[in-house]
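In what follows, a structure is listed as structure tokens, so that the remarks can point back to it.
Numbered from 1 within each chain, the chains take letters A, B, ... in sequence-line order.
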Amino acid sequence: MTESIHQTPAQEPAGYDPAAIERKWQDRWEERGTNHTDLAAGARPFYALMMFPYPSAEGLHVGNLFAFTGNDIYGRFQRLQGHTVFEPLGFDAFGIHSENFALKVGTHPADLIPRNIDNFRRQLKRAGLMVDWRHELSTTDPAYYKWTQWLFLQLYKRGLAYKRRAAVNWCPNDKTVLANEQVIAGECERCGAKVEQRFLEQWFFRITDYAGRLLDNLSWLDWSESTKQAQRNWIGRSDGAEVAFRVQDLEEFTGTATIASGASGEFVSEPLDIRVFTTRPDTIFGATYLVLAPEHPLVDAVTTDEQREAIAEYKRASAAQDLVSRKVSKEKTGVFTGSFAVNPATGHPIPIWIADYVLMEYGTGAIMAVPGHDERDFEFAKLFDLPIVRVVAGPSTQPADSSPVLDEPFLETDNVRLMNSGEFNGLGVMTAKQRIVDWLAQHGHARGVVNYRLHDWCISRQRYWGPPIPIIYCEKCGTVPVPESDLPVELPYVEDFKPDDTGTSPLARVESWYRVTCPSCGGVGRRETDVSDTFLDSAWYFLRYPSTDYDDVPFDRELTKRWLPVNSYIGGNEHAVLHLLYSRFITMVLHDAGQVGFEEPYRKFRAHGMIIREGAKMSKSRGNVVNPDEYVDRWGADTFRTYLMFLGPYEEGGDFRDQSIAGVRRFLDRLWSSVIEATTSGSPDPLVVRKLHQTIRKVSDDVPALSYNTAIAAMMECINVIRRGERTAHRAEVEPLVQLIAPFAPHVAEELWERLGHRESVFDAGWPVFDPALAAEDLATIVVQVNGKMRGTVQVPSGSGQDVALEAAMADSGIAKFAVGTPKKVIFVPGRLLNIVV
RNA sequence: GCCCGGGUGGCGAAACGGGUAGACGCGAGGGACUUAAAAUCCCUUUCCCGCAAGGGAGUCCCAGUUCGAGUCUGGGCCCGGGCACCA
């Protein structure tokens with residue numbers, strides 16, 4: 001006879017109505033403030049951050065929910081472990097995406113975004129996240145972007161924001177500048193249009209000043225390895241040398257009459273050097289020509305009269321080409337300038353060419369070409385019949401390995417030695433690099449340098465939907481930053497926000513807005529009409545969450561000290577370089593400015609995987625997009641959450657399959673029934689208690705490792721044992737299981753917890769204590785191998801030694817028949833395996 | 001081309017620092033309970049040979065290390081993602 005702890009309606013045997021209990025608990029959490037974090041008083045603060053979403057009109061994507069659920073489980077688990085957990089959420093609502101959508105549907109983004117946010121918040125609340133909504137923020141809120149502008153001013157004050165005319169990627173469709181990061185294979189990452197080259201005055205942040213630190217800190221950050229690797233590649237450190245090649249018979253007339261250098265009226269001239277960057281100074285004896293980028297400032301100076309026309313024509317052609325097709329096309333083109341420079345190693349004159357395979361934005365915009373040992377240079381040399389000199393010999397003594405004639409560039413660097421390199425012949429590559437740079441340095445021809453691939457961050461956007469850059473141009477004073485007391489520079493509500501082809505923002509058409517008086521002299525001023533990149537909005541949002549109640553500071557010092565850096569950050573790897581790098585940079589700047597006491601914003605970062613469907617990325621065009629609402633309606637949020645976490649390893653993602661959800665729902669149904677029907681009479685079965693404690697251990701280990709799928713599997717196993725043979729659970733067998741499931745299925749856990757007679761939230765009830773004694777097995781199953789082949793298993797008391805196991809094994813005829821004769825060797829792994837070698 | 005992931009049943013996936021490959025779930029087949037269904041519970045489900053007991057093979061491929069390899073080493077193939085004329 002089982003004694004039911006609680007009466008359930010006779011008509012409703014299962015009694016589990018997810019819709020009803022989820023509504024009930026969401027309401028109750030709100031009434032009781034269950035998810036509110038006491039930021040000032042909480043013991044052991046734990047900041048569980050997730051990447052905030054862009055509130056699209058389509059609503060929440062399963063990918064969002066997958067990400068947030070994973071973070072929520074982690075956060076709830078930390079809370080159950082006794083931390084005061086802060087789990088805020090906000091919206092990254094500025095940017096081209098919203099603006100384009102608004103244009104498409106003919107709505108103003110200022111009207112559209114709040115609606116989208118309302119819809120998102122509704123969907124997110126249904127998912128049962130432990131979010132403290134009192135700290136919600138939106139980057140489009142003037143109370144927020146006031147501080148984004150403040151941030152710009154901090155960088156400006158520190159000389160880290162500057163304006164320059166630069167070749168930029170221009171999307172002719174979106175009519176805006178794109179960061180290099182937003183150009184994918186020459187096309188706009190957003191609309192796919194072919195990106196063009198334009199020259200515009202742009203604001204930049206000097207992130208390159210921080211390249212070394214951004215790279216070095218990666219060595220100690222507790223981040224997903226894949227993310228760190230992506231950042232390393234992006235920063236792209238190259239160790240090499242800068243080498244000066246003196247241009248022959250050409251001197252630069254400085255045109256300065258100076259007393260210091262001699263008789264007055266004398267014109268001083270200096271020899272003209274072309275500086276190149278190379279990572280292979282060891283091959284300098286094989287440098288047979290130089291190549292300058294077409295935009296290189298010295299091109300005109302080195303061009304001879306005979307070549308002037310050809311050079312000018314080539315420069316015109318490459319300027320007309322967009323940055324993209326220039327990079328996409330690998331066909332070599334180029335023109336000889338007519339001049340020669342001296343190779344400082346050989347003393348020989350070598351021709352100077354210009355070619356667009358050399359990029360002005362990398363290194364010095366000039367290279368020494370070593371066709372024998374570089375693919376591109378080889379191709380170019382073949383095409384224009386330039387000399388190819390071999391200076392690195394292969395590892396063997398075969399004649400072919402040191403043949404001066406090469407059919408293809410020789411790129412090997414391991415186990416090779418120099419040849420044709422004077423006193424350096426015979427040296428290995430690494431040694432030669434050092435020795436040659438030292439030798440050249442002694443004569444003032446070279447110095448070792450570190451070069452980064454990373455470029456300064458262009459933050460100007462010629463668009464409407466963003467925070468205006470807080471700068472005023474005054475006719476008298478020039479560039480004047482908006483005083484902090486005048487912030488925010490509010491984005492005006494403009495009916496016509498459509499971008500045009502002028503290369504300026506739509507704000508440049510709003511004279512009433514941009515016409516201002518100069519804050520410095522009171523004269524005529526004009527506002528900067530560009531807005532800043534959305535990545536600036538998201539580069540500091542984590543600092544704002546704890547301080548959303550403060551209007552006078554971007555982030556309160558005490559709260560920041562208490563809650564930051566972020567303990568755990570979870571997000572998609574699509575932001576591995578951009579957002580994560582920019583927010584690290586901004587944090588470092590704030591650290592250097594004395595605003596925060598740490599230079600890395602996220603102690604721990606984990607990238608979650610991606611949810612695909614039927615093996616393909618979800619997309620509207622494929623028609624395989626999952627709308628979370630439907631699934632929550634049909635199965636309940638608890639089932640949906642748990643299912644998302646069960647379909648694969650969290651850090652890898654998985655394949656969404658409708659069929660499998662039923663299995664997770666069945667699991668929750670069975671848990672429900674077992675708890676509702678649980679008895680208090682008698683005592684729990686020790687075998688079940690053992691399984692329970694093994695489960696407590698497994699879940700406690702798996703959740704912090706984000707191994708959610710295996711944690712769920714373990715709980716399923718546990719419930720299978722509890723219910724084996726239609727047995728009725730004892731209350732003590734299921735009560736801890738309710739606590740274990742709570743991070744995954746919070747509503748049903750609360751309901752069951754309440755029905756078990758508890759008054760407080762299950763999230764304030766702590767975590768079940770694991771007892772190793774209760775989890776221990778009395779018998780160990782030992783696998784018995786003979787010569788490494790599995791021949792059977794034997795049961796021995798736990799902790800048995802080799803002798804006991806061997807005796808048991810030999811007593812088994814099925815095993816003994818293979819193990820004939822005296823064993824040559826016996827391998828014993830306690831509690832696991834016995835291998836008899838005969 | 002370079003840098004990250006990853007290749008395991010019909011399917012999604014497990015497997016602690018080498019130690020019973022396929023836990024858990026889906027799907028499929030059979031059974032118990034039921035007037036019936038749902039739910040629940042029990043059994044089977046990598047492949048091959050065999051009535052069975054049992055035996056053999058098996059984690060993308062080829063070598064190697066080891067008493068023992070999904071796991072480690074070398075080489076190769078395939079898939080996903082990122083970067084790419086970066087000197």
- Name the pairing partner of A37(B), where a pair is Watson-Crick or G-U wobble with both distances under 3.5 Å, or state none. none
- Item | Atom-to-atom span, CD1 of Ile741(A) to C1' of C24(B) - whole angstrom | 13 Å
- Query: Of all the nucleotides listed (C86(B), C26(B), G56(B)), which has the minimum atom distance to the side chain of Leu359(A)?
  - Reply: C86(B)
- Task: Take the protein atom CG of Leu834(A) and the nucleotide atom P of G19(B), then report the distance between them rounded to whole Å.
- Result: 17 Å
- Query: Given G19(B), G27(B), A13(B), which nucleotide is nearest the side-chain atoms of Gln785(A)?
  - Reply: G19(B)
- Asp456(A) vs Thr208(A), side chain to side chain donor-acceptor pair (under 3.5 Å): CA-CA, chis, key distance, verdict: CA-CA 6 Å; Asp456(A) 276 344; Thr208(A) 50; 2.6 Å; yes
- Go through G56(B), U20(B), A14(B) for me and flag the one nearest to the Thr793(A) side chain. U20(B)
- Query: Using purine N1 to pyrimidine N3 plus N6-O4 or O6-N4 for Watson-Crick, or N1-O2 and O6-N3 for G-U wobble, both under 3.5 Å, which nucleotide pairs with G64(B)?
  - Reply: C72(B)
- Ion pair check, Arg376(A) and Asp374(A), cut-off under 4.0 Å: yes
- Note on the structure: Separation of A87(B) atom C1' from Leu411(A) atom CG, nearest Å, is 13 Å
- Query: Is there a donor and acceptor pair closer than 3.5 Å between the side chain of Lys332(A) and the base of C85(B)?
  - Reply: yes
- If you measure from the Lys or Arg side-chain nitrogens to the Asp or Glu carboxylate oxygens, is any gap between Lys382(A) and Asp377(A) under 4.0 Å? no
- Item | Nucleotide of A87(B), A13(B), C26(B) approaching Arg657(A) most closely (side-chain heavy atoms) | C26(B)
- Side chain of Lys825(A): nearest nucleotide among A87(B), G25(B), C67(B)? C67(B)
- Item | Identity of whatever pairs with A28(B) - Watson-Crick or G-U, under 3.5 angstrom | U44(B)
- Look at the aromatic rings of Tyr357(A) and Phe380(A) and report parallel, tilted or perpendicular, splitting at 30° and 60°. tilted
- Can you find a donor-acceptor pair, distance only, under 3.5 Å between Gln229(A) side chain and G82(B) base? no
- Message: Using a heavy-atom cut-off of 4.0 Å across all strands, would you classify Ser238(A) as base, sugar-phosphate, or nothing?
- Response: sugar-phosphate
- Length of the line joining Ile827(A):CD1 and A69(B):P, which is rounded to integer Å: 12 Å
- Nearest to the side chain of Glu726(A), which nucleotide is it out of A87(B), C4(B), C41(B)? C41(B)
- Message: For the C1' atoms, the ones on U34(B) and on U45(B), what distance do you get once it is rounded to whole angstrom?
- Response: 27 Å
- Rounded C1' spacing from A84(B) to G1(B) in Å: 8 Å
- Query: When you compare C60(B) with G7(B), how far apart are their C1' atoms, in angstrom units rounded to a whole number?
  - Reply: 6 Å
- Glu574(A) CD - C4(B) P separation (whole Å): 20 Å
- Message: For a quick check of understanding: with a heavy-atom distance under 4.0 Å over all strands, which category does Phe818(A) fall into, base, sugar-phosphate or nothing?
- Response: sugar-phosphate
- Message: For the C1' atoms, the ones on U8(B) and on G58(B), what distance do you get once it is rounded to whole angstrom?
- Response: 10 Å
- Message: Nearest to the side chain of Arg832(A), heavy atoms from C-beta on, is which of A15(B), G55(B), G19(B)?
- Response: G19(B)
- Calculate the interatomic distance between Leu292(A) atom CG and C85(B) atom P; express it in whole Å. 19 Å
- Residues Glu733(A) and Arg727(A) bridged, charged N to O under 4.0 Å: yes
- Task: Compare the minimum distances between each of C85(B), C16(B), C86(B) and the side chain of Tyr357(A), then state the nucleotide with the smallest one.
- Result: C85(B)
- Task: Using Watson-Crick or G-U wobble geometry with both distances below 3.5 Å, tell me the partner of A15(B), or none.
- Result: none
- Message: Going by purine N1 to pyrimidine N3 plus the second Watson-Crick contact, or the G-U wobble pair, all under 3.5 Å, which nucleotide sits opposite C2(B)?
- Response: G82(B)
- Query: Between Arg723(A) and Leu833(A), which has a closest nucleotide on RNA chain B that is more 5'?
  - Reply: Leu833(A)
- Quiz item: cation-pi between Arg723(A) and Trp672(A), 6.0 Å / 45°: no
- For this output row, return yes or no: ring centroids of Tyr643(A) and Phe656(A) closer than 6.0 angstrom. yes
- First of Asp374(A) and Glu652(A) reached from the 5' end of RNA chain B, by closest nucleotide: Glu652(A)
- Query: Say you pick atom P in A53(B) and the same atom in C62(B); how far apart are they, in whole Å?
  - Reply: 32 Å
- Ranking C41(B), C85(B), C67(B) by distance to the side chain of Asp356(A), first place goes to C85(B)
- Task: Could you tell me the separation between the CZ atom of Arg665(A) and the P atom of G25(B), rounded to a whole number of Å?
- Result: 17 Å
- Message: By the 4.0 Å heavy-atom rule, please label Arg670(A) as base, sugar-phosphate, or nothing.
- Response: sugar-phosphate
- Item | Gap in Å between the two C1' atoms, one belonging to G27(B) and one to U46(B), rounded | 16 Å
- Item | Salt-bridge contact Arg237(A)-Asp239(A) (side-chain N to carboxylate O under 4.0 Å) | yes
- Please report, rounded to the nearest Å, how far the P atom of C3(B) is from the CG atom of Asn573(A). 18 Å
- Task: Write down the distance separating the C1' atoms in C72(B) and G19(B), rounded off to the nearest Å.
- Result: 14 Å
- Message: With rounding to the closest Å, how many angstrom separate the C1' atoms on C33(B) and C43(B)?
- Response: 15 Å
- Item | Thr781(A) side-chain proximity, nearest of A87(B), U20(B), C42(B) | U20(B)
